[in-house]
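Reminder, nothing fancy here: chain letters follow the sequence lines and each chain counts from 1. If you're wondering where the values come from, they're calculated on a predicted model, not measured in any experiment.
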Amino acid sequence: MNLIDQLNEELLKVVKSVFKDLGAEFSDQHNTLVCFEISDTHEHGDFSTSCALKLSKKLNKKPAEIAELISAKLSVPWIEKSEILGPGFLNVYLDIETKANKLKELIERGPNYGKNKKNNKKILLEFVSSNPTGPLHVGHGRGAVLGMALSNLLENSGCEVTKEYYVNDAGRQISILTSSILLKAYATNFNVEGMYEGAYIHEIAQEFLKDHEKINVSLSLEGLSDDKEKKLDQISEYFQINHKEAWEAANSFSIMRILNVIKEELHSFNIIHDNWFHESSLGFVQDPSSDLSKSLSIIEKAGHTFSEGGAIWFRTTDFKDDKDRVLLRENGAPTYYLTDVGYHKNKIDREYDLCINVFGADHHGYIPRLTAAFDVMKNKKQAIEFMLYQLVNLHEDGSKRIMSTRKGEFYSLKELRNELGPDVIKFFFLEKKSDHTMDFDINLAKDESKNNPYFYSQYAHVRCCSILTKKSFDPSEAVEEKEIMKNFDIVNRLLTFPHLVESYAEERSPHSLVHYVKDLSAAFHAFYEQSPVINEDKKIENARLMLTMATKIVLANSFRILNVQPLEKM
RNA sequence: GCGCCAGUAGCUCAGCUGGAUAGAGCAGUAGCCUUCUAAGCUAUUGGUCGGGGGUUCGAAUCCUCCCUGGCGCGCCA
């Protein structure tokens with residue numbers, strides 16, 4: 001158990017006993033109020049609690065008096081002193097020997113420092129799930145990077161995480177993609193508005209021709225509608241009826257090709273999904289054993305559906321949605337919504353405790369209806385959660401680069417990666433709170449100086465490594481305790497890491513870890529300047545080597561969670 | 001019109017389940033290289049926390065109204 005958790009346990013005991021002494025009743029509601037926090041400045045000790053202020057009303061006593069009572073009873077061997085300041089804050093100071101021992105422990109644990117024990121919680125994390133109709137763009141990249149870091153954070157706190165990509169390999173968009181490929185292959189000059197465009201379509205069409213020399217298609221596309229959308233559907237229909245073989249071949253070929261492109265891109269970011277779940281595997285709604293029909297009948301049996309206009313609706317307005325939603329269309333075909341409901345039925349059956357969906361913020365309207373379906377279908381203890389990420393604006397030389405999937409001038413993730421490398425992109429994406437539009441400064445990402453937080457943090461790790469190649473920490477030798485006292489800032493950051501990283505996981509906030517890394521790096525750079533590690537005084541040297549070693553470990557562990565490779569040389 | 005997210009220093013952002021004097025970085029200003037990488041450090045300027053009300057010992061944080069920006073409101077996917 002880490003120090004602050006131990007301390008909190010003790011505090012809770014003490015507070016309960018104070019309640020008893022005063023003849024007041026302690027209810028479990030008070031539990032969350034009773035805890036220590038990491039002090040913001042040295043003057044407030046190592047840990048501080050404001051619980052006396054919070055309980056003041058309950059106990060009908062002045063905060064400072066309560067703090068006094070708590071302080072008198074609080075007996076933790078490794079607390080050197082405690083003091084009451086301000087309106088009733090109780091601040092405690094750890095003794096130096098304990099800190100030194102904790103630092104040694106940290107070094108012993110190495111890569112495992114900050115990791116929690118397994119907790120048997122099974123989590124399904126769905127992220128990216130971009131339609132296989134084109135390469136990933138920068139926005140998808142943010143979701144991908146975020147999902148991976150979140151997964152690492154959750155695994156670090158002992159959860160078992162399955163990373164899944166939902167492949168929309170059925171439906172209209174895929175039909176349009178297939179038509180686009182076939183037209184590009186067999187009717188070079190036939191341009192239709194709304195078809196997929198771009199170099200990748202051309203490439204896939206060429207490869208398709210090469211791989212399918214036997215297939216021959218001669219087109220006679222006449223009498224097409226003037227309506228743009230109708231026209232697209234007519235073309236798909238035409239191929240499916242008149243060139244069935246070519247259609248089926250092109251359909252699976254293009255999905256496969258594009259998925260490979262997506263997979264490769266994710267791999268170059270070291271983002272690896274455990275499962276690729278295909279929409280087509282959900283089956284047909286006519287088949288009673290399919291996930292689609294199973295989920296439909298559960299919702300029907302639960303009495304949440306009604307018929308209107310020939311369609312079957314889910315009364316999601318009973319679940320805080322702003323409109324009711326169609327599950328089964330008038331023509332008997334499932335809506336996209338129903339397929340997603342079926343997919344979640346599948347997740348539920350795989351018995352995950354928690355399903356997390358990482359969504360682009362433009363899908364936020366989808367949350368109430370999906371939650372509604374999930375809540376109707378789930379087993380008792382299952383939960384669903386959403387994590388949203390907002391747009392990325394690329395900035396260069398003070399102006400904005402344009403990105404839009406629809407216009408074909410989209411800025412692909414690959415282009416950005418080729419320009420900057422994957423790790424700096426990950427670091428920048430993770431630095432900002434996910435549910436916040438972010439400005440990505442390309443010039444800054446390229447900068448190799450302290451102005452670039454990625455560079456700055458890596459440089460701290462490099463400096464640690466550089467020193468440690470010259471000399472290494474010897475745990476059997478004595479360390480100068482004054483050094484630990486002097487470097488309060490860095491020591492406290494190191495020792496509170498396990499507690500902090502755990503809370504970042506609970507709060508689903510990888511960005512906090514990035515800020516932690518920046519802060520720790522800054523503390524180390526300052527230490528590096530004022531405290532030459534290689535030193536004539538062996539006790540001082542060993543203490544500084546210990547701090548260097550511990551910093552290196554914690555930085556490396558943090559980088560690992562962020563899915564960024566720590567550099568040893570620059 | 002309804003819903004979601006946001007508005008904090010000149011810029012980019014933390015802090016938001018109420019707590020101590022609102023924090024970083026950049027930019028600005030003034031310093032520091034015969035010493036483990038100056039790819040760095042130190043000091044310092046700069047804030048009516050979008051605005052008005054309210055809740056209380058205490059509000060950037062909670063409630064309410066308003067203003068501004070982004071996104072979303074299909075028997076599309």
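A salt bridge is absent between A/Glu68 and A/Lys62; no separation between the charged side-chain nitrogens and carboxylate oxygens falls under 4.0 Å.
In terms of the side-chain hydrogen bond (donor to acceptor under 3.5 Å, both in side chains) criterion, A/Glu300 has no residue partners (sequence neighbours excluded). For A/Lys518, the side-chain contact (heavy atoms from CB on, under 4.5 Å) partners are A/Phe427, A/Glu431, A/Pro453, A/Ser457, A/His515, not counting sequence neighbours. With sequence neighbours left out, the side-chain hydrogen bond (donor to acceptor under 3.5 Å, both in side chains) criterion links A/Asn542 to no other residue. Applying the side-chain contact (heavy atoms from CB on, under 4.5 Å) test to A/Val261 and every residue at least two apart in sequence or in another chain returns A/Pro135. With sequence neighbours excluded, the residues forming a side-chain contact (heavy atoms from CB on, under 4.5 Å) with A/Pro87 are A/Leu53, A/Phe89, listed by chain and number. Every residue meeting the side-chain contact (heavy atoms from CB on, under 4.5 Å) condition with A/Asp423, not counting sequence neighbours, appears here in chain and number order: A/Lys426, A/Tyr454, A/Val564, A/Gln565.
In this structure, A/Arg315 contributes its side chain and A/Asp324 its backbone to no donor-acceptor pair below 3.5 Å.
Comparing the P positions of B/rU61 and B/rU17 gives an interatomic distance of 11 Å, to the nearest angstrom. Separating the C1' atom of B/rC2 from that of B/rU44 is a span of 50 Å, rounded to the nearest Å. For the C1' atoms, the distance from B/rC57 to B/rC71 is 41 Å, rounded to whole Å.
Not less than 6.0 angstrom separates the ring centroid of A/Phe277 from the ring centroid of A/Tyr165.
Residue contacts for A/Ser48: at a heavy-atom cut-off of 4.0 Å it reaches a base atom on one of the strands shown. Looking at heavy-atom distances under 4.0 Å, A/Ser503 makes no contact with the nucleic acid at all.
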B/S/- along nucleotides 10-17 of chain B (protein heavy atoms under 4.0 Å) is --SSSSB-
Dot-bracket for RNA chain B, 5' to 3', Watson-Crick and G-U pairs with both distances under 3.5 Å, [ ] for crossing pairs, | for partner on another strand, reads (((((((..((((.....[...)))).(((((.......))))).....(((((..]....))))))))))))....
Every protein N/O lying under 3.5 Å from an N/O of nucleotides 73-77 of chain B:
unit_1	atom_1	unit_2	atom_2	d
B/rC73	O3'	A/Lys323	NZ	2.9
B/rC73	O2'	A/Lys323	NZ	2.8
B/rG74	OP2	A/Lys323	NZ	3.2
B/rC75	O3'	A/Arg329	NE	3.4
B/rC75	O2	A/Glu330	N	2.9
B/rC75	N4	A/Gly309	O	2.9
B/rC76	OP2	A/Arg329	NE	3.1
B/rA77	OP1	A/Arg329	NH2	2.6
B/rA77	OP2	A/Arg329	NH2	2.8
B/rA77	OP2	A/Tyr336	N	3.2
B/rA77	O2'	A/Asn131	ND2	3.4

Hey, what are the protein-to-nucleotides 58-63 of chain B N/O distances that come in under 3.5 Å?
none

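A distance of 15.5 Å separates CZ in A/Arg142 from CZ in A/Phe127, rounded to the nearest 0.5 Å. The structure places CG of A/Leu567 at 11.5 Å from CG of A/Leu555, a figure rounded to the nearest 0.5 Å.
Among pairs with a residue in residues 35-68 of chain A, those fulfilling ring pair (Phe, Tyr, Trp, His ring centres under 6.0 Å) read A/His42-A/Phe488, at least two apart in sequence or across chains. Listed by first and then second residue, the ring pair (Phe, Tyr, Trp, His ring centres under 6.0 Å) pairs that reach into residues 312-342 of chain A are A/His304-A/Phe319, A/Phe306-A/Trp313, A/Phe314-A/Phe319, sequence neighbours excluded.
Residue A/Asn451 places at least one side-chain N or O under 4.0 Å from the OP1 or OP2 atom of B/rA27.
Between A/Pro87 and A/Glu448, it is A/Pro87 whose nearest contact on RNA chain B lies nearer the 5' terminus. Sequence order on RNA chain B of the closest nucleotides to A/Phe527 and A/Phe455 puts A/Phe527 first from the 5' end.
Under the 4.5 Å side-chain criterion, counting only non-hydrogen atoms from C-beta, A/Ile38 is in contact with A/Leu500.
A/Tyr456 does not qualify as a stacking partner of the B/rA39 base, lacking a centre-to-centre distance under 5.5 Å together with planes within 30°.
If you measure from atom OH of A/Tyr528 to atom P of B/rC33, you get 16 Å, rounded to the nearest angstrom. The separation between A/Ile66 atom CD1 and B/rC57 atom C1' is 12 Å, rounded to whole Å.
Between the side chain of A/Asn91 and the base of B/rA20, at least one donor-acceptor pair of N or O atoms lies under 3.5 Å.
For B/rC13, the glycosidic angle deviates from 0 by more than 90°, giving an anti base.
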